[in-house]
Amino acid sequence: DPTMTDCYIKPDTGLDFNQPPYRGTFQQLLAANIGRAVKIDFQMGTGGIVSHTGIIDAVGVQYVVLCQPGKHAFVTGDIFMIKFITFLCE
């Protein structure tokens with residue numbers, strides 16, 4: 001069953017990212033840290049890096065969703081374009 005948030009419907013993937021083939025992947029790392037603040041650097045095309053900061057809200061096989069409370073927005077990124085993840089410790 002999908003879950004309704006403030007502004008998008010979060011699908012229930014039913015995936016266990018602790019099982020093969022997800023062990024040791026960005027999916028497993030991100031799913032284990034849902035609710036934590038991160039900065040994610042995405043590779044764009046052949047050279048550019050785009051960074052997004054937010055709280056990990058959802059993780060799928062091919063995407064990650066970050067909640068950006070200050071902007072009242074959610075941003076979705078391609079998990080296979082991730083180059084770096086910075087966990088923002090308070």
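The shown structure was predicted, so the numbers you read here are calculated from the model rather than taken from an experiment.
Pairs passing the side-chain hydrogen bond (donor to acceptor under 3.5 Å, both in side chains) check and including a residue from residues 64-86, sequence neighbours excluded, do not occur. Sorted by first and then second residue, the salt bridge (charged side-chain N to carboxylate O under 4.0 Å, His left out) pairs with a member in residues 26-55 read K39-D41; sequence neighbours excluded.
Y22 belongs to a hydrophobic cluster whose other members, connected by ILVMFWY side-chain contacts under 4.5 Å either directly or through intermediates, are L15, F17, F26, L29, L30, I34, V38, I40, F42, M44, V50, I56, V59, V61, V64, L66, V75, I79, F80, M81, I82, I85, F87.
With sequence neighbours left out, the side chain to side chain donor-acceptor pair (under 3.5 Å) criterion links T25 to Q27. Checked against side chain to side chain donor-acceptor pair (under 3.5 Å), Q43 has no partners two or more places apart in sequence or in another chain. Annotation: side-chain contact (heavy atoms from CB on, under 4.5 Å) contacts of A32 (sequence neighbours excluded): none.
Note that CG of N18 is 5.0 Å distant from CD of Q28, once rounded to the nearest 0.5 Å.
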